[in-house]
Engineer: 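There's a structure below that I have some questions on.
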Amino acid sequence: MEEYVERIAMCIARGKVYRSAPYPPDMKDQDGADEVAADALKRGIQPAILLEGCMRGMDKIGKDFSEKRAAVTNLVISAAAMNAVLKHIKPFLESGEVKRKGKFVIGTVSGDLHDIGKNLVSMIVTGGGFEVIDLGVDVPTSTFLGALAQHPGCIVGLSALLTITMPNMEKSVRAIKEAYPDIKVMIGGAPITDGFCTRIGADFTSHNPHEAVEYLNRNVG
Ligand code: B12
């Protein structure tokens, strides 16, 4: 069992998606995350064990990213490897056989169409064992509020990439905090700083999706 956790973690941390993938060159002709996950399930390994491998792998690449040993491109490839595993676990997640830790609602704020970072955060949070409700891009405050009413107990994340949409982020955060003072609000995106986060009353910000997962682990439930 531990062997599969380690193999999956390694494929994810190194970004080995499929056997036929040429990257990384030193893992050429070795099974990737896709094949290892399929093999594990065929041998009766519990899907939750594969999720443990996902978390360990993302933990490693997340730390490498924090310490500047990995770039966003590495995160993207690792997320693709993680998705290859999640594809196999999805039916078990949907049937409820594998329990989620909690719910995370995320969206890009009104007026903003950038979604690459948001999608990366969504994927990594999913791999961290949470159910993600992705509201998409250009999300008005009313849609955030509607989703929070529908998913009590969730944590919410807002993304913004444009300085001109940061005021929309502020409006949404303030409205969320007014309607749901107990809901934790996380914000992110290239122009977002710790100072902005504090000023608008959000609870947490990071440029690193791995730290978002750590925040969720600390604050869920
Ligand atoms: C790709 C891109 C686009 C694509 C978007 C495609 C898509 N599907 O997302 C397109 C071409 C559509 C686009 C359009 C525009 N863009 Co643009 N775009 C970019 C670009 C090159 C990359 C953004 C990106 O995806 N980065 C990679 C991801 C992984 O990084 P990220 O989003 O920052 O996310 C990371 C973290 O911030 C964090 N994170 C992100 N969200 C969240 C949320 C939470 C909760 C947490 C915890 C963390 C988190 O995690 C991620 C992983 O580390 C940037 C330049 C740049 N280098 O940033 C310009 C940029 C953001 N764009 C810019 C501009 C001006 C525009 C346009 C206005 C251009 C125009 N004149 O039409 C339009 C606006 C359209 C709109 N209304 O949104 C400017 C913004 C300048 C400013 N000061 O506001 C930038 C900075 C380019 C520049 N240097 O001028 N753009």
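Bear in mind the structure is a predicted one, so any value in this text is a computation, not a measurement. For this chain, numbers begin at 1 and follow the sequence in order. Counting starts at 1 for both ligands and their atoms, following the listed order.
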Engineer: What I want to find out is whether R174 reaches E178 closely enough, with some N-O distance under 4.0 Å, to be called a salt bridge.
Structural biologist: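 No, R174 and E178 are not salt-bridged.
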Engineer: Looking only at protein heavy atoms, which one is nearest to atom 46 (C) of ligand 1, and what is the separation?
Structural biologist: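 Looking at atom 46 (C) of ligand 1, the protein heavy atom closest to it is G188 CA, 3.6 Å.
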Engineer: Return yes if some donor-acceptor pair links the side-chain N/O of D112 with the main-chain N/O of L162 below 3.5 Å, else return no.
Structural biologist: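 Here the side-chain-to-backbone pair exists.
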Engineer: Under 4.0 Å from atom 72 (O) of ligand 1, can you find at least one protein heavy atom?
Structural biologist: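 Protein heavy atom within 4.0 Å of atom 72 (O) of ligand 1: absent.
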Engineer: Let me see the working for E52 and R7 under salt bridge (Lys or Arg N to Asp or Glu O under 4.0 Å), right down to the final yes or no.
Structural biologist: CA-CA 11 Å; E52 169 64 30; R7 285 177 71 196; over 6 Å; no
Engineer: Considering non-hydrogen atoms of the protein only, which is the closest contact for atom 13 (C) of ligand 1, and what is the distance?
Structural biologist: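 Nearest neighbour among protein heavy atoms for atom 13 (C) of ligand 1, to 0.1 Å: H114 NE2, 3.4 Å.
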Engineer: For the pair R56 (side chain) and A9 (backbone), establish whether a donor and an acceptor sit closer than 3.5 Å, ignoring hydrogens and angles.
Structural biologist: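 It does not hold such a pair.
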Engineer: Would the distance check show the side chain of H151 and the main-chain N or O of I133 forming a donor-acceptor pair, the cut-off being under 3.5 Å?
Structural biologist: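 No: the side chain of H151 does not pair with the backbone of I133.
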Engineer: Quiz question for you: does at least one protein heavy atom lie closer than 4.0 Å to atom 69 (C) of ligand 1?
Structural biologist: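 Given the 4.0 Å cut-off, atom 69 (C) of ligand 1 does not count as touching protein heavy atoms.
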Engineer: Among protein heavy atoms, which lies nearest atom 41 (N) of ligand 1, and at what distance?
Structural biologist: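 Going by distance alone, atom 41 (N) of ligand 1 is nearest to S159 OG, 2.8 Å.
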Engineer: Kindly indicate whether atom 88 (C) of ligand 1 is approached by any protein heavy atom to under 4.0 angstrom.
Structural biologist: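 So far as the 4.0 Å threshold goes, atom 88 (C) of ligand 1 is out of reach of every protein heavy atom.
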Engineer: Relative to atom 8 (N) of ligand 1, which among T205, L158, V213, D115 owns the nearest non-hydrogen atom?
Structural biologist: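 Closest candidate by heavy-atom distance is D115.
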Engineer: Counting only heavy atoms, which portion of S206 has something under 4.0 Å from ligand 1: side chain, backbone, both, or neither?
Structural biologist: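 S206 to ligand 1: backbone contact only, side chain stays beyond 4.0 Å.
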Engineer: Which of the listed options, L162, I116, V185, D112, holds the heavy atom that is closest to atom 67 (C) of ligand 1?
Structural biologist: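 The nearest heavy atom belongs to L162.
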Engineer: Numbering the atoms of ligand 1 from 1, which are under 4.0 Å from a heavy atom of A190?
Structural biologist: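 So the atoms of ligand 1 that pass are 33 (O), 37 (O).
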Engineer: Taking the minimum heavy-atom distance to atom 32 (O) of ligand 1, which of L161, V137, N119 ranks first?
Structural biologist: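 Going through L161, V137, N119 one by one, L161 has the nearest heavy atom to atom 32 (O) of ligand 1.
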Engineer: Show the nearest heavy-atom pair for residues G128 and M55, with the distance to one decimal.
Structural biologist: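 Closest approach of G128 to M55, heavy atoms only: O-SD, 3.6 Å.
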Engineer: Protein heavy atoms near atom 20 (C) of ligand 1, is at least one of them under 4.0 angstrom away?
Structural biologist: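 No, no protein heavy atom sits under 4.0 Å from atom 20 (C) of ligand 1.
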Engineer: For D194, is there an ion pair with R199 - N to carboxylate O distance below 4.0 angstrom?
Structural biologist: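 Salt bridge absent between R199 and D194.
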Engineer: Name the closest protein heavy atom to atom 78 (O) of ligand 1, giving the residue it belongs to and the distance to 0.1 Å.
Structural biologist: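 Ranking protein heavy atoms by distance from atom 78 (O) of ligand 1, first comes L113 N, 2.6 Å.
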Engineer: Does the protein put a heavy atom less than 4.0 Å from atom 76 (C) of ligand 1?
Structural biologist: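 Under the 4.0 Å cut-off, atom 76 (C) of ligand 1 does have protein heavy-atom neighbours.
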Engineer: For atom 51 (C) of ligand 1, what is the closest protein heavy atom, and at what distance to 0.1 Å?
Structural biologist: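 I find the closest protein heavy atom is G117 CA, 3.9 Å.
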Engineer: For atom 36 (C) of ligand 1, what is the nearest protein heavy atom, given as residue, atom name and distance?
Structural biologist: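 In this structure, atom 36 (C) of ligand 1 has H207 O, 3.6 Å as its nearest protein heavy atom.
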Engineer: Got a protein heavy atom sitting under 4.0 Å from atom 81 (C) of ligand 1?
Structural biologist: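 So far as the 4.0 Å threshold goes, atom 81 (C) of ligand 1 is out of reach of every protein heavy atom.
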Engineer: Atoms of ligand 1 less than 4.0 Å from G111 heavy atoms?
Structural biologist: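 Reading through ligand 1 atom by atom, the close ones are 76 (C), 77 (N), 78 (O).
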Engineer: Give the cluster check for I183 versus V125: same hydrophobic cluster or not, with ILVMFWY residues linked at side-chain heavy-atom distances below 4.5 Å.
Structural biologist: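 Unlinked, I183 and V125 end up in two clusters.
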Engineer: Donor-acceptor check, side chain of D203 to backbone of V185, threshold 3.5 angstrom: yes or no?
Structural biologist: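 Side chain of D203 to backbone of V185: a pair is present.
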Engineer: Taking 4.0 Å as the limit for heavy-atom contacts, which would you say applies to V121 with ligand 1: side chain only, backbone only, both, or neither?
Structural biologist: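 For V121, the contact with ligand 1 is made by the side chain alone.
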Engineer: Are any of the side-chain nitrogens in E131 or K90 under 4.0 Å away from the carboxylate oxygens of its partner?
Structural biologist: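 No salt bridge links E131 with K90.
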Engineer: Quick one, K101 and L216 - any side-chain contact, counting heavy atoms below 4.5 Å?
Structural biologist: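 No, side chains not in contact.
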Engineer: Taking non-hydrogen atoms only, is T165 closer than 4.0 angstrom to ligand 1 via side chain, backbone, both or neither?
Structural biologist: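 No part of T165 comes within reach of ligand 1.
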Engineer: Any atoms of ligand 1 less than 4.0 Å from a non-hydrogen atom of V72? List them with their elements.
Structural biologist: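 Contacts of ligand 1 toward V72, numbered from 1: 29 (C).
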Engineer: Kindly indicate whether the side chain of D138, heavy atoms from C-beta on, has any atom under 4.5 Å from the side chain of T108.
Structural biologist: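 A side-chain contact under 4.5 Å is absent here.
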Engineer: If the threshold is 4.0 Å, N to carboxylate O, is there a salt bridge linking D34 and K87?
Structural biologist: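 The answer is yes: the pair qualifies as a salt bridge.
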Engineer: Atom 39 (N) of ligand 1: which protein heavy atom is closest, and how many Å away?
Structural biologist: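 Atom 39 (N) of ligand 1 sits closest to the protein heavy atom G189 N, 3.5 Å.
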Engineer: Quick check against the 3.5 Å criterion: does N168 have a side-chain atom that pairs as donor or acceptor with the backbone of S110?
Structural biologist: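 Such a contact is found between N168 side chain and S110 backbone.
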Engineer: Would atom 49 (C) of ligand 1 count as contacted, meaning some protein heavy atom under 4.0 Å?
Structural biologist: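 Within 4.0 Å of atom 49 (C) of ligand 1, protein heavy atoms are found.
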Engineer: Answer yes if a protein heavy atom lies under 4.0 Å from atom 53 (O) of ligand 1, otherwise answer no.
Structural biologist: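 Within 4.0 Å of atom 53 (O) of ligand 1, protein heavy atoms are found.
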Engineer: Do the side chains of D134 and K118 get close enough for a salt bridge, i.e. N-O under 4.0 angstrom?
Structural biologist: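 A salt bridge links D134 with K118.
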Engineer: Give the residue and atom name of whichever protein heavy atom lies nearest to atom 83 (N) of ligand 1, and the separation in Å to one decimal.
Structural biologist: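 So the nearest neighbour among protein heavy atoms is T163 OG1, 3.2 Å.
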